[in-house]
Visitor: 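Shown below is the structure under consideration.
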Amino acid sequence: MPAALPSTAAAAALAATDAADAAPAFSPLYQQIKGLITRELQAGVWKPGESIPSELDLAARFKVSQGTVRKAIDELAADNLLVRRQGKGTFVATHAEQQIQYRFLRLMPDAGSDRGMARRLLDCRRTRAPADVARMLDCKSGDAVVQLRRLLLAPSDGPQGGAVRRPSPEGSPPPWGGPAADGKPVVLDEIWLPGALFKGLTAERLADYKGPMYGMFEAEFGVRMIRAEEKIRALAADAASAPLLAVAPGFPLLSVERLSFTYGDKPVELRRGLYNTEQHFYRNELN
(Lines give C-alpha, C1' and ligand atoms only; values in the text may rest on other atoms or scores of the structure.)
Protein backbone atom coordinates (compact mmCIF):
# COMPACT_ATOMS: atom_id res chain seq x y z
CA MET A 1 0.00 0.00 0.00
CA PRO A 2 1.53 3.34 -0.97
CA ALA A 3 2.61 5.73 1.74
CA ALA A 4 0.08 8.39 2.63
CA LEU A 5 0.56 11.72 0.86
CA PRO A 6 1.08 14.78 3.09
CA SER A 7 -1.93 16.93 3.75
CA THR A 8 -2.33 20.24 1.92
CA ALA A 9 -1.36 22.16 5.09
CA ALA A 10 1.71 20.02 5.67
CA ALA A 11 2.78 20.37 2.05
CA ALA A 12 2.41 24.12 2.28
CA ALA A 13 4.51 24.18 5.46
CA LEU A 14 7.24 22.13 3.78
CA ALA A 15 7.23 24.46 0.77
CA ALA A 16 7.48 27.50 3.04
CA THR A 17 10.44 25.95 4.89
CA ASP A 18 12.23 25.20 1.63
CA ALA A 19 11.63 28.76 0.43
CA ALA A 20 12.95 30.19 3.69
CA ASP A 21 16.08 28.07 3.43
CA ALA A 22 16.68 29.24 -0.11
CA ALA A 23 16.04 32.94 0.57
CA PRO A 24 19.08 35.11 1.34
CA ALA A 25 19.42 36.25 4.97
CA PHE A 26 18.33 39.83 5.58
CA SER A 27 21.17 42.24 6.34
CA PRO A 28 20.57 45.80 7.60
CA LEU A 29 21.79 48.50 5.23
CA TYR A 30 24.54 49.72 7.56
CA GLN A 31 25.87 46.14 7.76
CA GLN A 32 26.01 46.04 3.97
CA ILE A 33 27.97 49.31 3.95
CA LYS A 34 30.25 47.92 6.65
CA GLY A 35 30.91 44.94 4.42
CA LEU A 36 31.72 47.16 1.43
CA ILE A 37 34.15 49.26 3.47
CA THR A 38 35.76 46.12 4.91
CA ARG A 39 36.19 44.74 1.40
CA GLU A 40 38.06 47.90 0.38
CA LEU A 41 40.22 47.73 3.49
CA GLN A 42 41.08 44.14 2.60
CA ALA A 43 41.90 45.16 -0.98
CA GLY A 44 44.27 47.85 0.32
CA VAL A 45 42.35 50.80 -1.14
CA TRP A 46 43.27 52.62 2.09
CA LYS A 47 46.51 51.58 3.78
CA PRO A 48 47.03 51.23 7.55
CA GLY A 49 47.46 54.69 9.05
CA GLU A 50 45.82 56.47 6.10
CA SER A 51 42.61 58.48 6.39
CA ILE A 52 39.48 57.24 4.67
CA PRO A 53 36.99 59.53 2.87
CA SER A 54 34.59 61.54 5.00
CA GLU A 55 31.18 60.20 5.97
CA LEU A 56 29.57 62.60 3.48
CA ASP A 57 31.81 61.40 0.65
CA LEU A 58 31.15 57.76 1.50
CA ALA A 59 27.43 58.40 1.73
CA ALA A 60 27.46 59.92 -1.76
CA ARG A 61 29.61 57.10 -3.06
CA PHE A 62 27.36 54.33 -1.70
CA LYS A 63 24.14 56.33 -2.25
CA VAL A 64 22.99 56.02 1.37
CA SER A 65 22.45 58.47 4.23
CA GLN A 66 25.32 59.84 6.30
CA GLY A 67 23.76 58.23 9.37
CA THR A 68 23.99 54.80 7.75
CA VAL A 69 27.68 55.34 6.98
CA ARG A 70 28.28 56.62 10.51
CA LYS A 71 26.77 53.49 12.04
CA ALA A 72 28.92 51.29 9.80
CA ILE A 73 32.06 53.22 10.76
CA ASP A 74 31.11 53.03 14.45
CA GLU A 75 31.10 49.23 14.22
CA LEU A 76 34.38 49.15 12.29
CA ALA A 77 35.94 51.36 14.97
CA ALA A 78 34.60 49.03 17.68
CA ASP A 79 36.20 46.15 15.75
CA ASN A 80 39.52 48.07 15.80
CA LEU A 81 39.64 48.25 12.00
CA LEU A 82 39.22 52.04 11.97
CA VAL A 83 40.23 54.78 14.42
CA ARG A 84 38.40 58.07 14.86
CA ARG A 85 40.51 61.13 15.66
CA GLN A 86 38.70 64.17 16.96
CA GLY A 87 38.86 67.02 14.45
CA LYS A 88 41.02 65.01 12.03
CA GLY A 89 38.78 62.31 10.59
CA THR A 90 38.76 58.53 10.48
CA PHE A 91 41.88 56.47 9.81
CA VAL A 92 42.68 52.86 9.04
CA ALA A 93 43.84 51.31 12.30
CA THR A 94 47.45 50.18 12.49
CA HIS A 95 49.29 48.05 15.00
CA ALA A 96 51.66 50.97 15.47
CA GLU A 97 48.83 52.78 17.29
CA GLN A 98 49.32 52.81 21.07
CA GLN A 99 45.77 51.65 21.78
CA ILE A 100 45.91 48.96 19.09
CA GLN A 101 49.32 47.37 19.64
CA TYR A 102 48.40 46.08 23.11
CA ARG A 103 45.04 44.68 22.05
CA PHE A 104 46.29 41.07 22.06
CA LEU A 105 48.65 41.42 25.03
CA ARG A 106 46.54 40.87 28.13
CA LEU A 107 49.10 40.02 30.78
CA MET A 108 49.12 42.72 33.46
CA PRO A 109 51.42 43.18 36.46
CA ASP A 110 49.86 42.90 39.91
CA ALA A 111 51.59 46.14 40.93
CA GLY A 112 50.30 48.39 38.15
CA SER A 113 48.83 48.75 34.68
CA ASP A 114 51.98 49.03 32.55
CA ARG A 115 52.01 46.38 29.83
CA GLY A 116 55.52 47.19 28.68
CA MET A 117 57.88 44.26 28.25
CA ALA A 118 61.26 43.74 26.71
CA ARG A 119 61.71 40.87 24.29
CA ARG A 120 64.35 38.33 23.42
CA LEU A 121 64.29 36.13 20.31
CA LEU A 122 65.34 32.55 20.93
CA ASP A 123 65.15 31.28 17.35
CA CYS A 124 63.55 31.91 13.97
CA ARG A 125 63.50 29.23 11.28
CA ARG A 126 61.63 28.02 8.23
CA THR A 127 60.39 24.47 8.52
CA ARG A 128 57.59 22.14 7.48
CA ALA A 129 54.21 22.39 9.16
CA PRO A 130 53.43 19.60 11.62
CA ALA A 131 49.96 18.14 11.17
CA ASP A 132 48.43 19.97 14.15
CA VAL A 133 49.87 23.34 13.08
CA ALA A 134 48.76 22.82 9.48
CA ARG A 135 45.24 22.08 10.63
CA MET A 136 45.08 25.29 12.71
CA LEU A 137 46.55 27.45 9.92
CA ASP A 138 44.32 25.87 7.28
CA CYS A 139 47.22 24.63 5.18
CA LYS A 140 48.60 21.22 4.25
CA SER A 141 50.81 19.13 6.48
CA GLY A 142 54.38 19.67 5.31
CA ASP A 143 53.74 23.14 3.85
CA ALA A 144 56.39 25.76 4.58
CA VAL A 145 55.91 27.68 7.84
CA VAL A 146 57.99 30.07 9.92
CA GLN A 147 58.52 29.11 13.55
CA LEU A 148 59.57 31.73 16.12
CA ARG A 149 60.33 31.30 19.78
CA ARG A 150 60.80 34.29 22.02
CA LEU A 151 60.68 35.49 25.61
CA LEU A 152 58.88 38.53 26.94
CA LEU A 153 60.57 40.01 29.98
CA ALA A 154 59.09 42.18 32.71
CA PRO A 155 61.25 44.78 34.52
CA SER A 156 63.39 42.99 37.06
CA ASP A 157 63.10 45.75 39.66
CA GLY A 158 59.62 46.55 40.99
CA PRO A 159 57.99 48.96 43.38
CA GLN A 160 59.80 47.43 46.35
CA GLY A 161 63.16 47.93 44.72
CA GLY A 162 63.26 51.70 44.54
CA ALA A 163 63.03 53.51 41.20
CA VAL A 164 61.15 51.51 38.59
CA ARG A 165 62.81 51.19 35.20
CA ARG A 166 60.41 51.96 32.38
CA PRO A 167 60.31 48.89 30.14
CA SER A 168 60.10 49.09 26.39
CA PRO A 169 56.69 48.27 24.90
CA GLU A 170 56.35 44.77 23.52
CA GLY A 171 57.81 45.01 20.06
CA SER A 172 59.98 48.06 20.79
CA PRO A 173 63.65 48.42 21.75
CA PRO A 174 65.62 46.91 23.41
CA PRO A 175 66.18 44.78 20.31
CA TRP A 176 65.84 41.04 19.93
CA GLY A 177 68.60 39.20 21.67
CA GLY A 178 68.86 41.66 24.57
CA PRO A 179 70.64 40.47 27.71
CA ALA A 180 68.85 38.64 30.50
CA ALA A 181 69.33 41.77 32.60
CA ASP A 182 66.56 43.33 30.51
CA GLY A 183 64.12 41.77 32.94
CA LYS A 184 62.50 38.69 34.37
CA PRO A 185 61.15 36.18 31.79
CA VAL A 186 57.36 36.07 32.07
CA VAL A 187 56.14 34.74 28.71
CA LEU A 188 57.57 32.03 26.49
CA ASP A 189 55.97 32.26 23.04
CA GLU A 190 56.06 29.74 20.21
CA ILE A 191 54.72 31.39 17.05
CA TRP A 192 53.83 29.67 13.77
CA LEU A 193 53.25 31.66 10.57
CA PRO A 194 52.34 30.50 7.02
CA GLY A 195 55.53 30.45 4.98
CA ALA A 196 53.83 31.67 1.80
CA LEU A 197 52.73 34.90 3.52
CA PHE A 198 55.99 35.54 5.36
CA LYS A 199 58.68 34.91 2.76
CA GLY A 200 61.94 36.51 3.81
CA LEU A 201 61.13 36.77 7.51
CA THR A 202 64.42 36.22 9.35
CA ALA A 203 65.92 36.89 12.75
CA GLU A 204 67.92 39.72 11.18
CA ARG A 205 64.79 41.45 9.88
CA LEU A 206 63.18 41.07 13.27
CA ALA A 207 66.23 42.64 14.88
CA ASP A 208 66.19 45.59 12.48
CA TYR A 209 62.49 46.37 12.99
CA LYS A 210 61.93 48.49 16.09
CA GLY A 211 58.14 48.61 16.13
CA PRO A 212 55.65 46.01 17.41
CA MET A 213 55.76 42.60 15.77
CA TYR A 214 52.24 42.89 14.38
CA GLY A 215 53.23 46.29 13.01
CA MET A 216 56.04 44.60 11.11
CA PHE A 217 53.70 41.92 9.77
CA GLU A 218 51.38 44.70 8.60
CA ALA A 219 53.99 47.06 7.13
CA GLU A 220 56.42 44.60 5.54
CA PHE A 221 54.26 41.59 4.70
CA GLY A 222 50.82 43.14 4.24
CA VAL A 223 49.26 40.84 6.83
CA ARG A 224 46.97 42.49 9.37
CA MET A 225 45.69 40.63 12.44
CA ILE A 226 42.12 41.76 13.06
CA ARG A 227 40.77 39.24 15.55
CA ALA A 228 41.86 36.24 17.59
CA GLU A 229 40.49 33.19 19.38
CA GLU A 230 42.13 31.84 22.52
CA LYS A 231 42.15 28.67 24.57
CA ILE A 232 43.48 28.94 28.11
CA ARG A 233 44.39 26.19 30.56
CA ALA A 234 46.72 25.60 33.50
CA LEU A 235 49.71 23.29 33.26
CA ALA A 236 53.06 22.62 34.89
CA ALA A 237 56.44 23.78 33.54
CA ASP A 238 58.32 20.93 31.90
CA ALA A 239 62.07 20.35 31.66
CA ALA A 240 62.32 22.41 28.44
CA SER A 241 60.27 25.47 29.45
CA ALA A 242 61.29 25.74 33.12
CA PRO A 243 64.86 27.03 32.62
CA LEU A 244 63.75 29.53 29.96
CA LEU A 245 61.18 31.01 32.34
CA ALA A 246 63.58 30.75 35.30
CA VAL A 247 61.24 28.52 37.29
CA ALA A 248 61.48 24.99 38.67
CA PRO A 249 60.02 22.04 36.73
CA GLY A 250 56.45 21.57 37.86
CA PHE A 251 55.91 25.28 38.50
CA PRO A 252 52.30 26.26 37.63
CA LEU A 253 51.97 28.16 34.35
CA LEU A 254 49.12 29.49 32.24
CA SER A 255 48.98 28.04 28.73
CA VAL A 256 47.43 30.38 26.14
CA GLU A 257 46.87 29.13 22.60
CA ARG A 258 45.87 31.95 20.27
CA LEU A 259 44.80 31.70 16.65
CA SER A 260 44.82 35.10 14.91
CA PHE A 261 42.86 35.89 11.76
CA THR A 262 43.06 38.46 9.00
CA TYR A 263 40.25 39.60 6.70
CA GLY A 264 37.89 36.89 5.52
CA ASP A 265 38.49 34.86 8.69
CA LYS A 266 41.75 33.53 7.28
CA PRO A 267 44.04 32.15 10.02
CA VAL A 268 47.51 33.69 9.73
CA GLU A 269 49.19 33.10 13.10
CA LEU A 270 49.21 30.34 15.69
CA ARG A 271 50.74 31.41 18.98
CA ARG A 272 51.28 29.10 21.94
CA GLY A 273 52.37 30.96 25.03
CA LEU A 274 53.38 29.88 28.53
CA TYR A 275 52.75 32.60 31.12
CA ASN A 276 54.25 32.92 34.59
CA THR A 277 51.43 34.55 36.57
CA GLU A 278 53.26 34.66 39.90
CA GLN A 279 53.33 38.49 39.73
CA HIS A 280 50.97 39.00 36.78
CA PHE A 281 47.38 38.21 35.88
CA TYR A 282 45.56 37.62 32.61
CA ARG A 283 43.03 40.39 32.03
CA ASN A 284 40.05 40.12 29.74
CA GLU A 285 37.31 42.69 29.10
CA LEU A 286 33.84 41.33 28.42
CA ASN A 287 31.29 43.49 26.60
Visitor: Once salt bridge (charged side-chain N to carboxylate O under 4.0 Å, His left out) is applied, do any residues pair with D132, and if so which ones, sequence neighbours excluded?
Guide: R272
Visitor: Would you list the atom pairs, donor with acceptor, under 3.5 Å between side chains in residues 236-245 and any protein atom, with sequence neighbours excluded?
Guide:
from : atom 1 : to   : atom 2 : distance (Å)
D238 : OD1    : A240 : N      : 3.1
D238 : OD1    : S241 : N      : 2.8
D238 : OD1    : S241 : OG     : 2.8
S241 : OG     : D238 : N      : 3.1

Visitor: Under the rule for side-chain hydrogen bond (donor to acceptor under 3.5 Å, both in side chains), what residues qualify as partners of E229, not counting sequence neighbours?
Guide: R227
Visitor: Starting from V133 and following side-chain heavy-atom contacts under 4.5 Å between hydrophobic residues (I, L, V, M, F, W, Y), which residues can be reached?
Guide: M136, L137, V145, W192, L259, F261, L270
Visitor: Can I191 be reached from L201 by stepping across I, L, V, M, F, W or Y side chains whose heavy atoms are under 4.5 Å apart?
Guide: yes
Visitor: Taking all heavy atoms of R224 and all of L81, pick out the closest pair and write down the distance.
Guide: NH2-CA, 4.2 Å
Visitor: Does any pair with a residue in residues 59-85 pass ring pair (Phe, Tyr, Trp, His ring centres under 6.0 Å), and if so which ones, sequence neighbours excluded?
Guide: none
Visitor: Run the side-chain contact (heavy atoms from CB on, under 4.5 Å) test on R205 and E220 for me, step by step, so that the C-alpha distance in whole Å, both residues' side-chain angles and the decisive distance to 0.1 Å come before the verdict.
Guide: CA-CA 10 Å; R205 288 186 72 173; E220 300 196 10; 2.6 Å; yes
Visitor: Decide yes or no on salt bridge (Lys or Arg N to Asp or Glu O under 4.0 Å) for E190 and R149, but give the supporting numbers first.
Guide: CA-CA 5 Å; E190 179 185 63; R149 289 196 313 141; over 6 Å; no
Visitor: Mind checking side chain to side chain contact (heavy atoms under 4.5 Å, CB included) for K34 and listing every partner two or more places apart, or none if nothing turns up?
Guide: Q31, T38, A72, E75, L76, D79
Visitor: With heavy-atom distances below 4.5 Å as the criterion, would you say the side chains of R39 and Y263 are in contact?
Guide: no
Visitor: For F281 versus P109, what's the shortest heavy-atom pair and its separation?
Guide: CE2-O, 3.6 Å
Visitor: Check C124 against L206 and note the closest heavy-atom contact, atom names and distance.
Guide: SG-CD1, 4.2 Å
Visitor: Just list the side-chain donor-acceptor pairs under 3.5 Å for residues 50-60, sequence neighbours left out, or say none.
Guide:
from : atom 1 : to  : atom 2 : distance (Å)
E50  : OE1    : K47 : N      : 3.0
S54  : OG     : D57 : N      : 3.1
S54  : OG     : D57 : OD2    : 3.3
E55  : OE1    : Q66 : NE2    : 3.3
E55  : OE1    : R70 : NE     : 3.2
E55  : OE1    : R70 : NH2    : 3.1
E55  : OE2    : R84 : NH1    : 3.2
E55  : OE2    : R84 : NH2    : 3.4

Visitor: Taking ring-ring contact (aromatic ring centres under 6.0 Å, His included) as the definition, give me every residue that meets it alongside F198, ordered by chain and number, with sequence neighbours left out.
Guide: F217, F221
Visitor: Can you name the residues that form a side chain to side chain contact (heavy atoms under 4.5 Å, CB included) with K63, not counting sequence neighbours?
Guide: none
Visitor: If the condition is salt bridge (charged side-chain N to carboxylate O under 4.0 Å, His left out), which residues does R135 pass it with, not counting sequence neighbours?
Guide: none
Visitor: Supply the atom-to-atom distance L152 CG to R120 CZ, rounded to the nearest 0.5 angstrom.
Guide: 10.5 Å
Visitor: Could I get the full list of salt bridge (charged side-chain N to carboxylate O under 4.0 Å, His left out) partners for E204, not counting sequence neighbours?
Guide: none
Visitor: Sort and list the pairs that fulfil ring pair (Phe, Tyr, Trp, His ring centres under 6.0 Å) and have at least one residue in residues 117-141, not counting sequence neighbours.
Guide: none
